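Structure first, commentary second.
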Amino acid sequence: MSIRFENVTKSFLDRKVLSDLSFSTRDGEILYIIGKSGVGKSVTLKHAVGLIKPDSGRIFVGSHEVTSLNREELMPVRRLCGMIFQQTALFDSMNIFDNIAYGLRSTGLDSDALAARVSEVLSLVQLDSGVLDKLPCDLSFGMQKRVSLARTIAPSPAYLLFDEPTTGLDPIITNAIGSLITGLSRQLGTTSIVVSHDMESALSTADRIMLLDNGGIAALGTPGEIRQSTNPLVMEFLAEINDTPEAGTSRTPCIWRQDEQSYREYRRAIHHDDPLDIEEVDK
Amino acid sequence: MKTVAEYEKELRSLAMPLWGRVLHHLGKPVAEHGATVREFWHLLRAVLIRLPRRPWRRHEIAISVVHIGIGSMPIITIATAFAGLVVTNEIAWHMREALGTISMIPGFTAQFILRELGIAIPALLLTAKVGASITAEVGTMKVTEQIDALRLLGIDPVDYLVFPRFVASVFATACLTLFAVAVTMGCAISVAIVRYNFSILEYLNAVRHFIGLADIVCALVKGMVFGGIIPIISCAYGFRCKPGAEGVGTATTNAVVASTIAIILLDFVLTYLFSLVL
Ligand SMILES: Nc1ncnc2c1ncn2[C@@H]1O[C@H](COP(=O)(O)OP(=O)(O)OP(=O)(O)O)[C@@H](O)[C@H]1O
Ligand SMILES: [Mg+2]
């Protein structure tokens, strides 16, 4: 149940974007990929689901070797994966209901179960059912991001890939979406890769953080290790957030709070630790 | 700020001989158009293979038929009506000059309309109206990652986007061709009656000797071929669209230009082939 890159290399025309990239996620973990704009974060995510083929190297999703599969064989693997695209990628000719339900139709749910599931995921992303018959262009960008989150989690994928789920949003929605991602990952036990610029939320929610630079890994470690790192790029990213004022402000996501008990149990079962302890270690 | 390497590269390219620079600048667009041509063949093959398989996506096809067919009727009516008004006058003038008689107007007009005018005009109008909108739509979907999102939901974009438009366009263009021929003929006949004193029975009787079922079948085949290549070319350009509003704009322009040229070339080829067979 992990995503594994082995010596992946990719160039576009004469520009080498990924060079010999190797990493793998652990079961049920949240891996943040951080890096400067244009470093190849989105390209890395798209490789994982076979939307881009590497020039060389191999990529595994669970036991499937994505790089050796053809278009038809990729379909079942892609159904295991949910991906939030950087630009929301909602189907703009369909209303919100159809957008969310589209991926569910192939699962053979009857129409009642379908509608129930749609309103369930909609409430998870804190939108009310009034938006269901609207078109994506009638919603604000933050609402579109949340709809795309709902669309992605609706079929309960085993792997979640987020491409900058919070970039360009106000801090309140950023927090809400950040907490949603973590809460969902914790509750459903999915393996998540989150691409982001935002070191602060990475430090507070990631299990491990990976810094990309020049097509390779500049640093990889737990938030604690990243904080101690002497890598110049890491320190550059850390410097950005070190002067944030209220260091004591808890970024504990609201979903965790709602369901703290089950989250703690989940953490104990999977990671043999307690979330609140971790937060103290991190601070 | 340019890096040293970029400056060096620029210097090297300036040091290239003139023909080298010309080739360098030509090479990229040629390579890009080559890639689009490959995309075109790939889509055409995929759609033709898909054709005998079920389900047929009736809902999407119906929507496209309404959009392409009904939506294009006003512009096609106006354009072909005026073409019909002009064509009788033109042919009458030439006949008077060359033959000294206008008795052959019905036969010549009918053949000209059924072979070229009533088919090429709607096809070229559809290129501009339908082709452009398909490229813009598919291109925007590509740029906003909607096509990637489709793939990720396990939906084949060819199946979802290209196939319904292809079927709808073939069907709608065949119907529109017949419609356009009828409108053009109607207008041509009314000019002949009003201005050149033909009676309607006399006119239709003369037409009957010049036009057979084969002509109508040829017109339909041409219409269907044109109707088939417009969405495929448009989708090919849409799928290869570059990011940004400019990318969508360029792709749309290129698609309309390419479809227009393709229709004119195919018209020539098909007319030649039919002349061999008939
Ligand atoms: N389809 C493509 N064709 C050509 N070049 C591409 C393509 N996709 C990405 N690139 C190039 O690869 C590089 C990495 O792009 P990518 O989208 O992964 O950046 P990113 O790290 O996600 O940046 P951002 O944070 O701005 O989203 C960029 O230089 C981009 O121009
Ligand atoms: Mg990106």
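Quick caveat: nothing in here was measured; it's all calculated off a predicted structure. Here is how names work: the chains are called A, B, and so on, in the same order as the sequence lines, proteins then strands, and each is numbered from 1.
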Point to revise | Distance in Å, A/Phe237 CZ paired with A/Lys36 NZ, rounded so as to fall on 0.5 Å steps | key: 6.5 Å
Review point. Within the distance-only criterion (no hydrogens, no angle test), does the side chain of A/Thr67 pair as donor or acceptor with the backbone N or O of A/Ile59 below 3.5 angstrom?
Key: yes
Exercise for review: Heavy atoms only: give me the nearest A/Gly50-A/Leu74 pair and the separation to one decimal.
Suggested key: O-CD1, 4.1 Å
Practice item. With a 4.5 angstrom heavy-atom cut-off, could you sort out which part of B/Ile147 is near chain A: side chain, backbone, both or neither? Key: neither
Exercise for review: Please name the pair of heavy atoms, one in B/Ile68 and one in B/Ala172, separated by the smallest distance, quoted to 0.1 Å.
Suggested key: CG2-CB, 3.9 Å
Check your understanding: Are B/Arg53 and B/Phe163 in a cation-pi contact, defined as NZ or CZ under 6.0 Å from the six-membered ring centre and within 45° of the axis?
Key -> no
Review point. About how many Å separate OG of A/Ser19 and CG of A/Leu21, when rounded to the nearest 0.5 Å?
Key: 8.0 Å
**Study point:** B/Phe226 six-ring centre to B/Lys222 NZ/CZ under 6.0 Å and within 45° of normal
**Key:** no
Study note, to complete from the structure: By residue number, those in residues 93-104 of chain A with heavy atoms under 4.5 Å from heavy atoms of chain B are A/Met94, A/Tyr102, A/Gly103
Check your understanding: Which region of A/Gln86, side chain (C-beta onward) or backbone (N, CA, C, O), has a non-hydrogen atom less than 4.5 Å from a non-hydrogen atom of chain B, or is it both or neither?
Key -> both
Check your understanding: Most heavy-atom pairs under 4.5 angstrom with chain A, which of B/Leu152, B/Ile155, B/Asp156, B/Thr144?
Key -> B/Leu152
